Chemist: 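Okay, here's the structure, questions in a sec.
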Amino acid sequence: MKKFVTTTALLALSAGELIADEQIKLPVSFNSDGTINRPLNHRQWVNVGTILITKGEINIIDELPIPTSEYIDTYVEPMSYAIYMAPGTWPNGTQIVKEFTATKEAELGEVLVESHYNGLAMLVKDAERFPAETGHLGYFNFGHHSEPYETTAYVIPQEQCSSCHEASASEQQFIFADHHIGLRRVSE
Ligand code: HEC
């Protein structure tokens, strides 16, 4: 049975009730051509942590070496965050973005200051839309460059993105929760 999560359901969740993912369907904005709409308020979602990738390393979005060190901030849509942290499984309609931020050149020992936002990738869990994909995850890219980002994106071919998520996050529903300090659950 599918249902939309209501405020009551979220209250129940905050009391620690475990709800199976297939019972829940959170809304995600798709178009009739299959493209997804870039969320416009992702910086108001829950920031679950920041990772630093150093200059010259390969960015997985375009497989090119990055010209400056980049911070990667991961944001989770708040309803899916509440359900996962309840604790529960990631629900259908889970949306997670990672945003890249370029930095100013810094000498060793200097503070690494952000210069500009520099790209956005996204992951969506949807069992109806991605029935055959591992973890029912669809992967998207709104560009690895400064803003403005693309407003819509087609799902990226499974083989381009899912290999590491399959190989290294299979015990975490294919989402790297253990890489994000903000996704540590009290019960774990
Ligand atoms: C080389 C291995 C690898 C590939 C290929 C890969 N990822 Fe990931 N991905 C990771 C790792 C490791 C993390 C956790 C650390 C982080 O956030 O960078 C992650 C995290 C993420 C996250 C945040 C949620 C989570 O699972 O932690 C998103 C969104 C994401 N990746 C999207 C993508 C997209 C889109 C692609 C394809 C363009 C892709 N990934 C390809 C390794 C990979």
Side-chain angles (χ1 to χ4, degrees), residues 21 26 28-30 34-66 68-85 87-103 112 114 117-127 129-130 132-145 149-185 188:
D21 54 354
L26 301 176
V28 184
S29 179
F30 281 98
T35 55
I36 195 168
N37 291 309
R38 173 168 56 81
L40 298 177
N41 64 341
H42 69 271
R43 290 183 202 130
Q44 293 168 22
W45 291 0
V46 183
N47 185 319
V48 296
T50 308
I51 288 166
L52 177 64
I53 307 289
T54 47
K55 178 178 173 174
E57 281 190 47
I58 301 295
N59 181 288
I60 48 119
I61 301 305
D62 50 18
E63 295 176 342
L64 293 171
I66 45 176
T68 75
S69 295
E70 282 188 346
Y71 292 108
I72 306 180
D73 283 290
T74 300
Y75 299 86
V76 182
E77 184 282 320
M79 281 228 202
S80 26
Y81 172 82
I83 291 165
Y84 177 77
M85 295 299 280
T89 43
W90 288 110
N92 277 305
T94 289
Q95 299 176 79
I96 302 178
V97 297
K98 53 197 289 183
E99 182 161 40
F100 307 94
T101 306
T103 56
L112 198 54
E114 294 164 309
Y117 294 117
N118 201 36
L120 193 74
M122 185 171 184
L123 180 159
V124 172
K125 178 174 176 179
D126 191 322
R129 206 168 273 273
F130 310 117
E133 280 80 348
T134 310
H136 302 307
L137 297 179
Y139 297 82
F140 301 88
N141 171 18
F142 298 104
H144 184 211
H145 51 66
Y149 302 144
E150 278 72 297
T151 51
T152 61
Y154 284 100
V155 67
I156 300 173
Q158 182 76 354
E159 56 278 12
Q160 197 182 324
C161 295
S162 70
S163 55
C164 300
H165 289 251
E166 279 177 32
S168 309
S170 60
E171 288 171 6
Q172 313 177 63
Q173 306 167 51
F174 310 101
I175 290 170
F176 284 94
D178 64 352
H179 281 61
H180 308 293
I181 193 168
L183 290 177
R184 284 188 198 152
R185 302 188 289 194
E188 288 174 347

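All figures in this text were calculated on a predicted structure; none of them were measured in a lab. Every number for a ligand or one of its atoms is a count from 1 in the order of the listing.
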Chemist: Considering only protein heavy atoms, which is closest to atom 39 (C) of ligand 1, and at what distance to one decimal place?
Modeler: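 Protein heavy atom at minimum distance: I60 CD1, 3.3 Å.
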Chemist: Could you identify the single nearest non-hydrogen protein atom to atom 27 (O) of ligand 1 and state the distance to 0.1 Å?
Modeler: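 Answer for atom 27 (O) of ligand 1: H180 NE2, 2.5 Å.
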Chemist: Using a 4.0 Å cutoff against the non-hydrogen atoms of I175, which atoms of ligand 1 qualify?
Modeler: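 Going through ligand 1 atom by atom, the ones under 4.0 Å from I175 are 25 (C), 26 (O).
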Chemist: Could you tell me which atoms of ligand 1, counted from 1 in the order shown, lie closer than 4.0 angstrom to a heavy atom of C164?
Modeler: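 Answer for ligand 1: 1 (C), 2 (C), 3 (C), 4 (C), 5 (C), 42 (C), 43 (C).
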Chemist: If you count heavy atoms of other groups shown closer than 6.0 angstrom to CD1 of I181, is the number above 12?
Modeler: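 No, not enclosed.
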Chemist: Which atoms of ligand 1 sit under 4.0 Å from any heavy atom of H179?
Modeler: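 That gives atoms 12 (C), 14 (C), 15 (C) of ligand 1.
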Chemist: Once you round to the nearest 0.5 Å, how far does CZ of F176 lie from CG of D178?
Modeler: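 Between F176 CZ and D178 CG, I get 7.5 Å after rounding to 0.5 Å.
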Chemist: Run the side chain to side chain donor-acceptor pair (under 3.5 Å) check on Q173 and H136 step by step: do they pass?
Modeler: CA-CA 9 Å; Q173 306 167 51; H136 302 307; over 6 Å; no
Chemist: Ignoring hydrogens and angles, tell me if any N or O in the side chain of Q172 forms a donor-acceptor pair with the backbone of A177 under 3.5 Å.
Modeler: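 Such a contact is found between Q172 side chain and A177 backbone.
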Chemist: May I ask whether N141 has any heavy atom positioned less than 4.0 angstrom from an atom of ligand 1?
Modeler: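 Judged by the 4.0 Å heavy-atom criterion, N141 does not count as contacting ligand 1.
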Chemist: Aromatic rings W45 and H42: how do their planes relate, parallel, tilted or perpendicular, breaks at 30° and 60°?
Modeler: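 Perpendicular: the ring planes of W45 and H42 meet at over 60°.
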Chemist: Given G135, C161, P157, identify the one with the heavy atom nearest to atom 37 (C) of ligand 1.
Modeler: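 Ranked by closest heavy atom to atom 37 (C) of ligand 1, first place is C161.
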Chemist: Write out the residue and atom name of the closest protein heavy atom to atom 14 (C) of ligand 1, then the distance separating them to 0.1 Å.
Modeler: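 Protein heavy atom with the smallest distance to atom 14 (C) of ligand 1: F176 CB, 3.5 Å.
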Chemist: Can E63 and H144 be counted as having a side-chain donor-acceptor contact under 3.5 angstrom?
Modeler: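 Looking only at side-chain atoms, H144 and E63 do not form any donor-acceptor pair under 3.5 Å.
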Chemist: Of the backbone atoms (N, CA, C, O) and the side-chain heavy atoms from C-beta on, which set of I51 has a member under 4.0 Å from an atom of ligand 1: side chain, backbone, both, or neither?
Modeler: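 I51 to ligand 1: side-chain contact only, backbone stays beyond 4.0 Å.
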Chemist: Give the atom numbers and elements of ligand 1 that come within less than 4.0 Å of a heavy atom of L123.
Modeler: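 By the 4.0 Å cutoff, the relevant atoms are 28 (C), 29 (C).
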Chemist: Looking only at atom types and distance, does a side-chain atom of R185 sit under 3.5 Å from a main-chain N or O of G88, one as donor and one as acceptor?
Modeler: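 A pair under 3.5 Å: yes.
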Chemist: Of T101, T103, N118, T54, which meets side chain to side chain donor-acceptor pair (under 3.5 Å) against E70?
Modeler: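 By the side chain to side chain donor-acceptor pair (under 3.5 Å) criterion, E70 pairs with just one of T101, T103, N118, T54: N118.
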Chemist: Answer yes or no for H165: is there an N/O/S atom below the 2.8 Å cut-off from atom 8 (Fe) of ligand 1?
Modeler: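 A backbone or side-chain N, O or S atom of H165 is under 2.8 Å from atom 8 (Fe) of ligand 1.
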Chemist: For atom 20 (C) of ligand 1, what's the nearest protein heavy-atom neighbour? Residue, atom name and distance, please.
Modeler: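 The answer is K98 NZ, 3.5 Å.
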Chemist: At less than 4.0 angstrom from any non-hydrogen atom of I96, what atoms of ligand 1 do you find?
Modeler: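 Going through ligand 1 atom by atom, the ones under 4.0 Å from I96 are 23 (C), 24 (C), 29 (C).
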Chemist: Looking only at protein heavy atoms, which one is nearest to atom 33 (C) of ligand 1, and what is the separation?
Modeler: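 That would be Y139 CD2, 3.7 Å.
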